[in-house]
Amino acid sequence: MAEPKQNPLMEKIVSLCKRRGFVFQSSEIYGGINGFWDYGPLGAELKRNVKELWWNTMTRSRDDVAGLEATIIMAPEIWKASGHVATFSDPMIDCKTCKGRFRADQISEIPCPQKPSKCVGECHGEKTEARAFNLMFQTYVGPVQDDSAIAYLRPETAQAIFAQFKNVLETSRQKVPFGIAQVGKAFRNEVTPRNFTFRSREFEQMELEFFIKPDEVIEAIYGTVAVRTPNSQLLSPQPNWGWQAWHHYWVEERVRFYEGIGLSRETLGFHHQTPAELAHYARACTDILFKFPFSKKDADGNVTGDELEGIAARSDFDLSQHQRFSGKPMGVFDEELRAAWAKLPKEKQDDLWKRYYDHRKNYLTKSAKPDETPEQISLQATEDANGLAKGQYIPHVIEPSAGVDRLILALIANAYSEVTKTDDKGKSETTVVMKFHPRVAPIKVGVFPLLKNKPELVAKAQAVYELLRPHLKAVYDDGGSIGKRYARQDEAGTPFCVTIDFDTLGEKPELLDTVTIRHRDDGKQERLNISELLDFLLSKIRG
RNA sequence: GCGGGCGUAGUUCAAUGGUAGAACGGCAGUCUUCCAAACUGCACACGAGGGUUCGAUUCCCUUCGCCCGCUCCA
């Protein structure tokens, strides 16, 4: 009666997550709630490690990124400016006959999929009533639940960064180019949560908005914009980088991050969005994919993977939107630009002015509110271009936006491996080893006495455990046999296990105060002095 | 949201219109001088609600959840 195994590996991973305490279904005792997942003891450690590594990599180890922690509920105008209210609230009609779903305002234009000679509104399929599809979670601020109190749980963390751009700029002593990073929860009322935690309704994002000068500004100051050549590595940022170089740089930075936590390039995939896929304001978007067990094959039979992170070049769209909707200036003043502009030959000034004008006019036209006339738009674009000559511009942005939960799932899938051992009697047994990179492993070290019923061993093992635990996540285990404890830690993905034996106590005097340290992935042991233990572990975990 | 499949200990699986079993795992203990040893004991399940029935985990309905396909994917 068992259901057919559609994806045995994925099912084993889900089962392990429950069994060992990586991931539980939310509200499980009440039957669960679709699209929501909890992290158990091991998952919580794993997730914390990943977020901390991202934060350290993206902010603390860089001079040019500042952090932010904004609220989940913000002024609803934010989501009007970002476009989320408009794009999320189209009334939709389902056809029960052909299973199609159509925008209610387009049923008299779209041809029926089954009878293309007729439009959806005319065909005989049985239709549902028009229903509003808003993928943002709604709530009310304050006790009165009327329309004026409607607010939304943020569908992405990014907008808070744009909304607080000027405050961060003024308080962080940063200047463009610089970034603002944030880690936090976001909520989307997904139509179909799928693939375990991959698409959840409540999830966590790690987002960087990296603000850069428009190419026209780079050109005004440095004469030319540095162009990416096939061989250029673009490893360290240069003042004359334009958006392409920065975009390429951040893709590489992010790939290096994934490699640094154990996801090799072979496990990753890339998708460069085509012009048709790109939002109208975006210039490029590169998705970094991971080849999940549930990832599908493309037309050529290759697994490309599913999205972990998108690195988008979003032009100056976001800050421009918030400038228009809030009425507050979102531009920056650049002394260098003003000084450089004055020294430019007239033709160059005119050329840059025209290009900036065209860009602004294009944006303003596409984002125009219904009551804005072409004349007003031209006037605003002229004003914007004139600002350039005075050293003013709206920064462009490169947005590396990663999903924490997707990354956790990728790390779990990547770590999962099975080892089959056959004993002397020919009995074989398969065990699971979670090969997490030591940097992300939920537990860094297990400490065991070789035998439980020898008080000297137990006391010494507990002393070693107390020595390590202030510095890293350690566990003490004296249950069962030593082999069982190793196996337990293998399933948790603990990279190192330390065992206190009789030599530690001085049975061989030359080995007094040494312990065995056992490596998860090959089972090999080495002997270390207790005094060297902490440094050894820290070097493996931080190195 | 539509269609299909499926819900039994923590996990993997049995059985049954008449009070649910196993293995592994967990906990406690004995033992054990390095890779899930052995032994003893303990705890733990029919997703929820309603209906049919003398009696439902089993049959029916609803609901919730999981998987697959469609749809959606800012």
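For the numbers below, each heavy atom of this structure counts, side chains included, while hydrogens, waters and symmetry mates do not. Throughout, protein chains are lettered first and strands after them, A, B, ... in sequence-line order, and every chain is numbered starting at 1.
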Sugar-phosphate, base or nothing in reach of A:K296, heavy atoms under 4.0 Å: sugar-phosphate

A:T504 to A:L512 - nearest heavy-atom pair and separation: O-CD1, 3.5 Å

Integer-rounded Å distance: B:rC35 C1' and A:K524 NZ: 14 Å

Protein-nucleotide distance (A:F448, atom CZ; B:rU33, atom C1'), rounded to Å: 16 Å

Among B:rG65, B:rU32, B:rC68, the one nearest A:S481 by side-chain distance: B:rU32

Candidates B:rU33, B:rA36, B:rG69 - which lies nearest the side chain of A:K484: B:rA36

Aromatic contact, A:F292 with A:F290 (centres under 6.0 Å): yes

Touch class at under 4.0 angstrom, heavy-atom based, for A:T431 against every strand present: base

Phosphate contact (B:rC67 OP1 or OP2) by A:N7 side-chain N/O below 4.0 Å: no

Evaluation steps, salt bridge (charged side-chain N to carboxylate O under 4.0 Å, His left out), between A:E190 and A:R201: CA-CA 6 Å; A:E190 295 286 355; A:R201 290 187 162 129; over 6 Å; no

Heavy atoms from other residues, nucleotides or ligands near NZ of A:K369 exceed 12 (cutoff 6.0 Å): yes

Integer angstrom distance from the P of B:rU16 to that of B:rG3: 32 Å

With the criterion being N/O to N/O and under 3.5 Å, what pairs connect the protein with nucleotides 60-62 of chain B, and how long is each?
none

Touch class at under 4.0 angstrom, heavy-atom based, for A:E28 against every strand present: nothing

Which residue lies more 5' along RNA chain B, comparing A:R488 with A:I29 via nearest heavy atoms: A:R488

NZ/NE/NH1/NH2 to OD/OE distance under 4.0 Å, A:K291 and A:D306: no

N/O donor-acceptor pair, side chain A:Y486 with base B:rC34, under 3.5 angstrom: yes

Rounded distance in Å - CZ (A:R199) to C1' (B:rC70): 13 Å

Between A:Y281 and A:D316: side-chain donor-acceptor atoms closer than 3.5 Å: no

Footprint string (nucleotides 39-44 of chain B, 5' to 3'): B base within contact, S backbone only, - free, heavy atoms under 4.0 Å: ------

Sugar-phosphate, base or nothing in reach of A:D490, heavy atoms under 4.0 Å: nothing

Rounded distance in Å - CG (A:L451) to C1' (B:rU30): 13 Å

Touch class at under 4.0 angstrom, heavy-atom based, for A:F24 against every strand present: nothing

Euclidean distance, atom CZ of residue A:R485 to atom P of B:rG25 [Å, nearest integer]: 15 Å

Between A:S531 and A:N529: side-chain donor-acceptor atoms closer than 3.5 Å: yes

Polar pair under 3.5 Å, donor/acceptor by atom type, side chain A:R518, base B:rC35: yes

A:E69 atom CD, over 12 foreign heavy atoms within 6.0 Å: no

Sugar-phosphate only, base, or nothing, as touched by A:K18 at under 4.0 Å among non-hydrogen atoms: sugar-phosphate

Atom pair distance, as rounded to whole Å: CG in A:D501 and C1' in B:rU33: 8 Å

Sugar-phosphate only, base, or nothing, as touched by A:N195 at under 4.0 Å among non-hydrogen atoms: sugar-phosphate

Geometric class of the A:Y363/A:F317 ring pair [parallel <30°, tilted 30-60°, perpendicular >60°]: perpendicular

Distance-only donor-acceptor test, A:Q525 side-chain atoms vs B:rC34 base atoms, 3.5 Å: yes

Check: B:rG26 base within 3.5 Å donor-acceptor of A:R19 side chain: no

Atom-to-atom span, NE2 of A:H519 to C1' of B:rC34 - whole angstrom: 14 Å

Minimum-distance pair of heavy atoms, taken over all atoms of A:F36 and A:F137: CZ-CZ, 4.0 Å

Any donor-acceptor pair under 3.5 Å from A:H271 side chain to A:L289 backbone: no

Touch class at under 4.0 angstrom, heavy-atom based, for A:E507 against every strand present: base

Polar side-chain contact A:T192-B:rC72 base: donor and acceptor under 3.5 Å: no

Separation of B:rU33 P from A:N453 CG (nearest whole Å): 8 Å

Options B:rU33, B:rC66, B:rG1, nucleotide nearest the side-chain atoms of A:V191: B:rG1

